[in-house]
**Student:** 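Quick one: structure below, then a few questions.
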Number of protein chains: 2
Amino acid sequence: MKKIKSAPICKIEIVDKSKVKKAKKNLENNRQILQMANIFKLLGEPTRLKIILSLINSELCVCDLAAAIDSTVSSVSHQLRLLRNARLVKYRKEGKMVFYSIEDEHINKLIEQVNEHIEES
Amino acid sequence: MKKIKSAPICKIEIVDKSKVKKAKKNLENNRQILQMANIFKLLGEPTRLKIILSLINSELCVCDLAAAIDSTVSSVSHQLRLLRNARLVKYRKEGKMVFYSIEDEHINKLIEQVNEHIEES
DNA sequence: ACAACACTTGAACATTTGCTCAAATGTTAT
DNA sequence: ATAACATTTGAGCAAATGTTCAAGTGTTGT
């Protein structure tokens, strides 16, 4: 049943070649995977997640965001830049103030999904 | 000259107190937020995300997983432990081999949601 | 023009974290 | 019992990352 060929990384052979092949099919689009990982990573930091959660109800200026999540304006601004770049939040300028809000409702659905997962454990 | 208007964290006052209050309401359950962030963080690393994506079609043993994502058995095993702890994957022992699979379908839905977000940019 | 303000940005620092290597565990076969 | 094997685990290290502090940008009001 098992075949013996020269070992690549593991010492053992691949156990089920067809399953590995199928699995690799899901990994073909590497650029997309990195993009997905980046979105998840951004939501995976408490500070940034709190920013997102704060923005679910309404837009907020940077200072109010800092107050809401109990952080500093500088730290929040740094994180907002990352969220902006990934199009998780958008902003609107009004005089010297900048109001941030959530870019689209996929984010809200992501939050809901994760909550469902958590509530079951 | 300096101007002191009862400065809290920012020098400025909170601009919209009611909105900040609402925002804070979403942050009350800190334990839950940390749990959510942890799930996102786990999916936010390319290696781990690839593991999850590989497991979408079928269960795989550790060695085949390593082959699928082009990594080492040790590295994969380390990451699997984290995914196991967060109940993102489950496992089944068969002799000296261990087969991993996805714990529940919320994970698949998370992946779908993120893809929808990406496809729009 | 000047100062105050809301926000952004860069650099330095400490912490976190993923990978590698080596050793350990537990299972199966001889 | 010994050997081979699939997987796990711990320590060490380099790279990534979040926060802080200070300086910079652009806008408003005097």
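So that the names make sense, note that chain A is the first sequence line, chain B the second, and so on, each numbered from 1.
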**Student:** Whole Å only: how far is the CZ atom of B:Arg81 from the P atom of D:dT9?
**Tutor:** 6 Å
**Student:** As an exercise, state the distance from CZ of A:Arg48 to CD1 of A:Ile69, rounded to the nearest 0.5 Å.
**Tutor:** 11.0 Å
**Student:** Testing the basics here: between B:Val73 and B:Ala66, what is the closest heavy-atom pair and its distance to 0.1 Å?
**Tutor:** N-CB, 3.9 Å
**Student:** What class does the angle between the rings of B:His106 and A:His117 fall in, given that below 30° is parallel, 30 to 60° is tilted and above 60° is perpendicular?
**Tutor:** perpendicular
**Student:** Could you state the interatomic distance from CZ (B:Arg87) to CD1 (B:Ile107), rounded to the nearest 0.5 Å?
**Tutor:** 12.5 Å
**Student:** With the side chain counted from C-beta on, respond yes when A:Leu88 and A:Glu103 share a heavy-atom pair under 4.5 Å apart, and no when they do not.
**Tutor:** no
**Student:** Take atom CG of A:Asp70 and atom C1' of D:dT20, then tell me their distance rounded to the nearest Å.
**Tutor:** 16 Å
**Student:** Could I get a table of every N or O pair under 3.5 Å where one atom is in the protein and the other is in nucleotides 21-30 of chain C?
**Tutor:**
unit_1, atom_1, unit_2, atom_2, d
C:dC21, N4, B:Ser74, OG, 2.7

**Student:** Nearest whole Å is fine: how far is D:dG29 C1' from A:Met97 CE?
**Tutor:** 16 Å
**Student:** Quick one about A:Tyr100 and A:Arg84 (side-chain donor to acceptor, distance below 3.5 Å, no hydrogens or angles considered), yes or no?
**Tutor:** yes
**Student:** Counting N and O atoms only, with roles assigned by atom type, does the side chain of B:Asn26 sit under 3.5 Å from a partner on the main chain of A:Ser54, one being a donor and the other an acceptor?
**Tutor:** no
**Student:** CD of A:Glu59 versus C1' of C:dC7: gap in Å, rounded?
**Tutor:** 16 Å
**Student:** What is the separation between atom OH on A:Tyr91 and atom P on D:dT27, rounded to the nearest whole Å?
**Tutor:** 12 Å
**Student:** Contact class for B:Tyr100 (heavy atom, under 4.0 Å): base, sugar-phosphate, or nothing?
**Tutor:** sugar-phosphate
**Student:** Among C:dG18, C:dT20, D:dT19, find the nucleotide with the atom closest to the side chain of A:Thr47.
**Tutor:** D:dT19
**Student:** Report, one pair per line, the protein and nucleotides 13-17 of chain C atoms (nitrogen or oxygen only) whose separation is under 3.5 Å.
**Tutor:**
unit_1, atom_1, unit_2, atom_2, d
C:dT17, OP1, B:Lys41, NZ, 2.8

**Student:** Separation of B:Lys50 atom NZ from C:dG18 atom C1', in whole Å?
**Tutor:** 13 Å
**Student:** What heavy-atom pair brings B:Ile33 and B:Leu27 nearest, and what distance separates the two atoms?
**Tutor:** CD1-CA, 3.6 Å
**Student:** With B:Ser77, which residues qualify under side chain to side chain contact (heavy atoms under 4.5 Å, CB included), at least two apart?
**Tutor:** none
